[in-house]
Amino acid sequence: EIDQRVTSKLSGHALARKMALLAEEDRIENDFEQKAKAPIKSQSFTAALHTSFFSCSTCCGPKMTGCYAPTGDHCERPMEIGLRQDSAFLSIYDEFQTEIENAEVLFAEEGAYVFKAYSNGHPYDTSEVWVALFEKLLAGSTPLFPAIIIPNAFPNQTTWNLIRRTIDTELTGSALTCQPDFSPDWRTYYDYRPDKVRCGLDVVLHPGFAVGKSRSLMRQTSQLTKDFAGELFNGVIHQIACDDWLKRFRFLGRCIAQFISVFISEGAIDKSLLHDGFDYKRWKKTQKGTQVLPKTEIVDRLAAYVVKYVHAHCKKIDVEELALNRKHFFELKGFIDSQAGTCRSLQRKDNEMLAVLRRSTLIVPILNLPRSFQEALMHWIFRNEDRCCTTASHHSFGSLSSQSVEVSRWT
């Protein structure tokens, strides 16, 4: 009834447009029904690694989705990737040599970091093609990369699910050593800026890996440099192995690693990471003849032990020595800031770190910085305006030429 009333008030052109849209919808539905009924047949695909300027420039054609397409907001990126020596495209072509899917790759010291894949809307499941490509890039005695880093759900969900069937996520987080920006004066756009391999979320494929049909997870020995939380995890596991009561829960290592990672990065004590990963009923069956505590009490004691160990370890750290590792230094500084209201005993360590920062800081006009640094700084100011402008006017950043900024010599 509503449709009839609306239709009766439409002009001739609007009515014709409506009928054309309805006809197009019917055609699309019929196409999907025919494809669903059609017999499944094998398809041949070609995968390629593009590193040169001209080959990268031909990627992301007009039919590809995403902002790298010719009509996208960042259509300059394929040419920038072609100019860089640390970037490339991984592309998949159909049997007519039409590019149907691609993903950007950034080369870090630790391995090739793969971003999200974009397609032209094709109906194929390309997961096996992606996996075969990764296996080829890491095959042989001289693989092209030391490793391939796959962030969570990348390059697409079906490929991620296939990899995760036999390859486990990283036990601890790791830092990435790379240069994201094209130059000091050109800040490169990314969907998100890569800075680390995330604990419990990302997968690292090492040379010789293979995805089999077995459902059992393949344990790979990671060769990446651990982040600050990863170093703490090593210490916690060592102490747990030396304690008669705690060593019974060493099998919760992955849950403990995730707990420490969240605790360091966010300052949050998330006991659910320990609780949800602890199969209490199964564990209880193995504890015959011993007194068994309730699950919640075990989780509370484990969490309290880890928190106590982390706080004690942080108090003993030599900040002058830690300053040699820039990333670990700032990870610790962020953690201490998050604990300011809950652990006053870390205040002395915070003062020591501030002293190190003061000695390694210069005050310079903002306009003296490279343009990409200026943009990053202004983005940071506006994102943190309420926090960094509490004692100054919120409009004091109007003139860049009159402002100065503290810049660490480590930048």
Side-chain angles (χ1 to χ4, degrees), residues 45-51 55-82 84 86-94 98-108 110-138 144-145 147-165 167-170 173-174 176 178-182 187-205 209 211 224:
F45 299 94
T46 303
L49 170 66
H50 298 286
T51 58
S55 63
C56 288
S57 300
T58 60
C59 297
C60 305
K63 294 185 178 181
M64 298 292 289
T65 59
C67 59
Y68 291 6
T71 56
D73 293 337
H74 296 281
C75 56
E76 81 287 350
R77 288 288 285 125
M79 289 184 289
E80 179 187 337
I81 292 171
R84 296 179 60 151
D86 61 351
S87 298
F89 273 114
L90 293 174
S91 297
I92 296 177
Y93 299 86
D94 64 11
T98 300
E99 186 184 37
I100 62 172
E101 207 164 329
N102 68 37
E104 178 186 355
V105 180
L106 178 65
F107 303 150
E110 293 76 16
Y113 191 91
V114 180
F115 289 89
K116 178 182 177 182
Y118 290 88
S119 74
N120 65 350
H122 65 81
Y124 309 116
D125 177 2
T126 57
S127 58
E128 293 189 9
V129 182
W130 281 110
V131 168
L133 174 58
F134 296 151
E135 291 178 349
K136 187 69 174 178
L137 293 173
L138 295 175
L144 288 179
F145 307 116
I148 295 178
I149 302 164
I150 312 292
N152 182 41
F154 282 8
N156 55 46
Q157 190 63 55
T158 54
T159 303
W160 173 260
N161 292 340
L162 181 58
I163 292 174
R164 285 287 288 112
R165 192 169 66 182
I167 307 296
D168 211 344
T169 55
E170 286 294 283
S174 307
L176 280 180
C178 60
Q179 177 55 51
D181 294 322
F182 180 73
R187 183 175 172 82
T188 297
Y189 167 83
Y190 295 97
D191 289 339
Y192 68 90
R193 296 180 73 78
D195 60 349
K196 66 183 300 182
V197 180
R198 297 168 297 176
C199 160
L201 290 175
D202 302 338
V203 163
V204 178
L205 307 178
F209 104 98
V211 173
L224 305 188

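Of the inter-residue distances, the one linking Lys116 atom NZ with Asp191 atom CG reads 7.0 Å to the nearest 0.5 angstrom. Rounded to the nearest 0.5 Å, atoms CD1 (Ile81) and CZ (Phe89) are 3.5 Å apart. We find the CD1-OH distance between Ile148 and Tyr113 to be 14.0 Å, quoted to the nearest 0.5 Å. Distance check: Ile100 CD1 to Thr126 OG1 gives 6.5 Å after rounding to the nearest 0.5 Å. Here the straight-line distance linking atom CG of Leu162 with atom CD1 of Ile167 works out to 10.0 Å at 0.5 Å rounding. Atom CG of Leu49 and atom CG of Leu137 lie 6.0 Å apart (nearest 0.5 Å).
Pro70 approaches Cys60 most closely through the heavy-atom pair CD-O, 3.2 Å. Taking every heavy atom of both residues into account, Phe154 and Val114 meet most closely at CD2-O, 3.8 Å. Here the closest heavy-atom approach between residue Pro194 and residue Cys178 is recorded as O-SG, 4.2 Å. Here the closest non-hydrogen pair linking Gly173 and Cys199 is N-CB, 3.5 Å. When all heavy atoms of Ser91 and Cys59 are compared, the closest pair comes out as OG-SG, 3.6 Å. Pairing each heavy atom of Ser127 with each of Thr159, the nearest pair is CA-OG1, 3.2 Å.
Side-chain contact between Glu99 and Asn120: absent, with no pair of heavy atoms (C-beta onward) separated by less than 4.5 Å. Residues Trp130 and Ile163 form no side-chain contact, since every pair of their non-hydrogen atoms from C-beta on lies 4.5 Å or further apart. Here the side chains of Asn156 and Glu101 are in contact, with some heavy-atom distance below 4.5 Å. Counting heavy atoms from C-beta on, the side chains of Phe134 and Leu90 come closer than 4.5 Å. Taking 4.5 Å as the limit, every side-chain heavy atom of Leu201 sits out of range of all side-chain heavy atoms of Pro151. No side-chain heavy atom of Leu205 sits less than 4.5 Å from a side-chain heavy atom of Glu135.
The backbone N or O of Asn152 sits less than 3.5 Å from a side-chain atom of Asp202, completing a donor-acceptor pair. Distance alone, capped at 3.5 Å, is enough to place a donor-acceptor pair between the Thr65 side chain and the Ser119 backbone. Using modelled atom types, one side-chain atom of Asp181 and one backbone atom of Thr188 make a donor-acceptor pair closer than 3.5 Å.
The neighbour count for Asp73 CG, taken as heavy atoms of other residues, nucleotides or ligands under 6.0 Å away, does not exceed 12. Within a 6.0 Å radius of CD in Gln157, other residues, nucleotides and ligands contribute more than 12 heavy atoms.
In this structure, Tyr190 and Phe115 have parallel ring planes: the angle between them is below the 30° cut-off, well short of the 60° mark. A parallel orientation is assigned to the rings of Tyr124 and His122, their planes being inclined by less than 30° (bins at 30° and 60°).
Considering His74, Glu104, Glu76 in turn, Glu104 is the only one that fulfils the side-chain hydrogen bond (donor to acceptor under 3.5 Å, both in side chains) rule with Tyr68.
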